[in-house]
2 protein chains.
Amino acid sequence: MDLRQLRYFVAVAREQNFSRAADKLHIAQPPLSRQIQQLEEELGVNLLDRSKRPLTLTEAGRFLYQQATRTLVNIDHIKEQTQRIGRSQRERFVIGCVGSTLYGGIPDLVRRMRAQWPELDIEISEMMSTEQVTALKDGRIDVGFGRVRFNDREVERLTLREERLVVALPKGHAKSLPKDPIALIELQDEPLIVYPSTPRPSFADEILNLLGELDVVPASVEEVREIQAALGMVAAGMGLCIIPAASQRQRPDDVCYRMIADENATSPIIMSYRRADANGRIKQVKQLISEMYAANPPWLQLSNIRLPSSH
Amino acid sequence: MDLRQLRYFVAVAREQNFSRAADKLHIAQPPLSRQIQQLEEELGVNLLDRSKRPLTLTEAGRFLYQQATRTLVNIDHIKEQTQRIGRSQRERFVIGCVGSTLYGGIPDLVRRMRAQWPELDIEISEMMSTEQVTALKDGRIDVGFGRVRFNDREVERLTLREERLVVALPKGHAKSLPKDPIALIELQDEPLIVYPSTPRPSFADEILNLLGELDVVPASVEEVREIQAALGMVAAGMGLCIIPAASQRQRPDDVCYRMIADENATSPIIMSYRRADANGRIKQVKQLISEMYAANPPWLQLSNIRLPSSH
DNA sequence: CGATTTCCATACCGAGGAGGTATAGTAGCG
DNA sequence: CGCTACTATACCTCCTCGGTATGGAAATCG
């Protein structure tokens, strides 16, 4: 698959007509036909219904049209941005973090960093925990904040805190009524939704391991790409979901949350960085983080709620 | 710029070595060098610092590496998804909506649609209001939910409701303390953050027009790409931001919100669809929406809060 | 219903560019 | 300074993209 083929396909889909599309692309019609054919052949899918005029898109074609349009725009943006950065010559510091930390300490940290280093271009890139390791090693990011423990010789990691987990339940679910902590064993035979579906291992595996250790078997396990989708499905009554406490903030009012009673139902926030960088800005970032934790901000209080002692 | 060039560049960036990258790509080294040179030439930017070994990326190269990796993965996903849809042959119904509606009625609507039409594959695609018009016309989406009024012969629109606007202020800001509605005139000489930056016209323009009509001139106007960034900047103390009331849910506890007192400070939710489709599923969707509104769900209450009558 | 128009697919040809090989030039290291 | 490792340059070959000519199917119209 080629960008040219995508551009061509978008043109044909937009015009619903090969000849007009070819005009707009400033090429002749036969080469255009061939490119679309090759694209269809490579995908093994019919993108257009050629049996009547004007041409209509198949469902697959409609999807590809939508995605291709978006991708092409993205690539233009990437091009411009790359040129802009190339011209500006300012130092950049890229933070890779899992989505949940955007509702935790990251904004506060960035604010402190901007104040301390106004000459620095700081960028945030959302990525899964496992992706952060390779992204660190080959320099795409300078620091990572994730949830999955991993070992790598080049990467040093620091557990910032353990965050308690909560169960998200649909409003009206029988088990959503009690407000006290819930035991994981109660999730037996409930439909469970986990995220993210890729890449592995991920937060989804942490949750499944946690349940596995207790021999808790859900009625079903559905994997979705991201937490928004997971909570959406919970709100729609399709199952339960286990999330870090601080992520409740994303959807406070149409989903019920119950703290999990099991002592080990926590998920860490792990900062990771290249061992070689440990003494540069990273050291100062650690300093900023400890100042931040000392200030005991609201998001920290939410994730640190202690269980009522049961003895 | 070509996908091949991106793949090649990613390989070189990952290996920090042309020869090894060429091996992995199963091509010889000289063509690889040439492709990278051409890429750099097209962008007018140095991507690699070749003056020392091992090769290092420039800041621009680092950015492109990060983005290109992501784009290539996306394209693989698009490919797989397209093939999957091509095989399944199920009918799809694609909803295009602005982000704020994901915190409003969309999840509820989707739940009702899924219940009513289990055989239908429903998909949600986030897109700006203006993008929805063209997306509707050329079949990328089947219905749109947006905030900007527009006219188009082929597209019919229906204003579902007018949602009140609120000002988001940093915690600790002088004007964040009163809890009563704030007049827009009070935003005079405050730094303002608006979104989205593209495409125009957008919600950002609606806000700027609203202020312009009242001759309110902010101290500065910064445009950011999306509401998350806008609220993040508000939380970081960099300015104020005007958002629809329901979007408060996204970030309830480290930003303060004040209802806007001006009577016309509202933003509509507009449903739009192809005129030709008005009597198919669209009619039933309208029915579902009116049932939904009749149930007076929590997100509706939030956005419908009436101003205390001032007379 | 048949003639005409419109439009897409097929066949074949020429030019540009991608990749290969050989080799020169340069950084890193002892 | 000389060796090794690695990238850039020069030149060649072949693939493939795009162009032209033409056949065939669908829509249009009298």
Side-chain angles (χ1 to χ4, degrees), chain A residues 1-58 60-62 64-65 68 72 75 86 138-139 276, chain B residues 1-58 60-62 64-65 68 72 75 86 138-139 276:
Chain A
M1 198 155 74
D2 192 352
L3 282 191
R4 179 182 39 242
Q5 290 177 328
L6 290 185
R7 289 202 186 91
Y8 286 5
F9 174 67
V10 166
V12 172
R14 179 173 296 136
E15 300 291 332
Q16 299 190 320
N17 180 310
F18 276 73
S19 310
R20 275 201 307 275
D23 276 355
K24 297 232 166 169
L25 293 168
H26 304 295
I27 63 171
Q29 169 263 317
L32 179 59
S33 290
R34 265 208 352 211
Q35 290 296 330
I36 303 297
Q37 282 170 29
Q38 285 177 9
L39 181 61
E40 287 179 310
E41 200 171 329
E42 182 185 344
L43 295 173
V45 168
N46 272 21
L47 298 172
L48 296 162
D49 181 4
R50 295 169 169 79
S51 70
K52 25 181 168 298
R53 313 271 165 67
L55 296 178
T56 56
L57 294 171
T58 62
R62 217 155 70 98
L64 183 63
Y65 178 31
L72 293 174
I75 287 182
D138 49 41
Chain B
M1 198 156 74
D2 191 352
L3 281 190
R4 178 180 44 241
Q5 291 177 326
L6 290 185
R7 289 202 184 89
Y8 286 5
F9 175 67
V10 166
V12 172
R14 179 173 296 137
E15 300 290 333
Q16 299 191 319
N17 180 311
F18 276 73
S19 310
R20 274 201 307 275
D23 277 354
K24 297 232 167 167
L25 293 168
H26 305 295
I27 63 171
Q29 169 262 316
L32 179 58
S33 289
R34 265 210 349 214
Q35 289 297 329
I36 303 297
Q37 282 169 28
Q38 286 178 9
L39 181 61
E40 286 179 311
E41 200 169 330
E42 183 185 344
L43 295 173
V45 168
N46 271 20
L47 298 172
L48 296 162
D49 180 5
R50 296 168 167 80
S51 69
K52 29 181 165 297
R53 313 275 166 64
L55 296 178
T56 55
L57 294 172
T58 62
R62 216 155 71 98
L64 183 62
Y65 177 31
L72 292 173
I75 286 184
D138 50 40

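Below, chain A is the first sequence line, B the second, and so on; all start at residue 1.
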*Flag the pair B:Val12 / B:Leu32 as yes when at least one side-chain heavy-atom distance between them is below 4.5 Å, and no otherwise.*
yes
*Please work out which residues in residues 7-16 of chain A have a non-hydrogen atom less than 4.0 Å from an atom of DNA chain C and list them by number.*
none
*Answer yes or no: does a side-chain N or O of A:Asn17 lie under 4.0 Å from OP1 or OP2 of C:dC8?*
yes
*For D:dC17, does OP1 or OP2 lie under 4.0 Å from any side-chain N or O of A:Gln5?*
no
*Can you check the B:Leu25 CG to D:dT7 C1' distance for me, whole Å?*
16 Å
*Would you say A:Leu64 and A:Leu39 make side-chain contact, with heavy atoms under 4.5 Å?*
yes
*With a 4.5 Å limit on heavy-atom distance, are the side chains of B:Tyr65 and B:Leu47 in contact?*
no
*Base, sugar-phosphate, or nothing for B:Ser19, non-hydrogen atoms under 4.0 angstrom?*
base
*Test A:Tyr8 against every option in A:Leu3, A:Ile27, A:Asp2 by the side chain to side chain contact (heavy atoms under 4.5 Å, CB included) rule and name the one that passes.*
A:Ile27
*Can you tell if the side chain of A:Leu48 reaches within under 4.5 Å of the side chain of A:Leu57, non-hydrogen atoms only?*
yes
Can you check nucleotides 9-14 of chain C for protein contacts, nitrogen or oxygen pairs under 3.5 Å, and list what you find?
{"from": "C:dA9", "atom 1": "OP1", "to": "A:Arg50", "atom 2": "NE", "distance (Å)": "2.2"}
{"from": "C:dA9", "atom 1": "OP2", "to": "A:Ser33", "atom 2": "OG", "distance (Å)": "2.8"}
{"from": "C:dA9", "atom 1": "N7", "to": "A:Gln29", "atom 2": "NE2", "distance (Å)": "3.0"}
{"from": "C:dA9", "atom 1": "N6", "to": "A:Gln29", "atom 2": "OE1", "distance (Å)": "3.4"}
{"from": "C:dT10", "atom 1": "OP2", "to": "A:Gln37", "atom 2": "OE1", "distance (Å)": "3.3"}
{"from": "C:dT10", "atom 1": "OP2", "to": "A:Gln37", "atom 2": "NE2", "distance (Å)": "3.4"}

*Whole Å only: how far is the CG atom of A:Leu32 from the P atom of D:dG18?*
9 Å
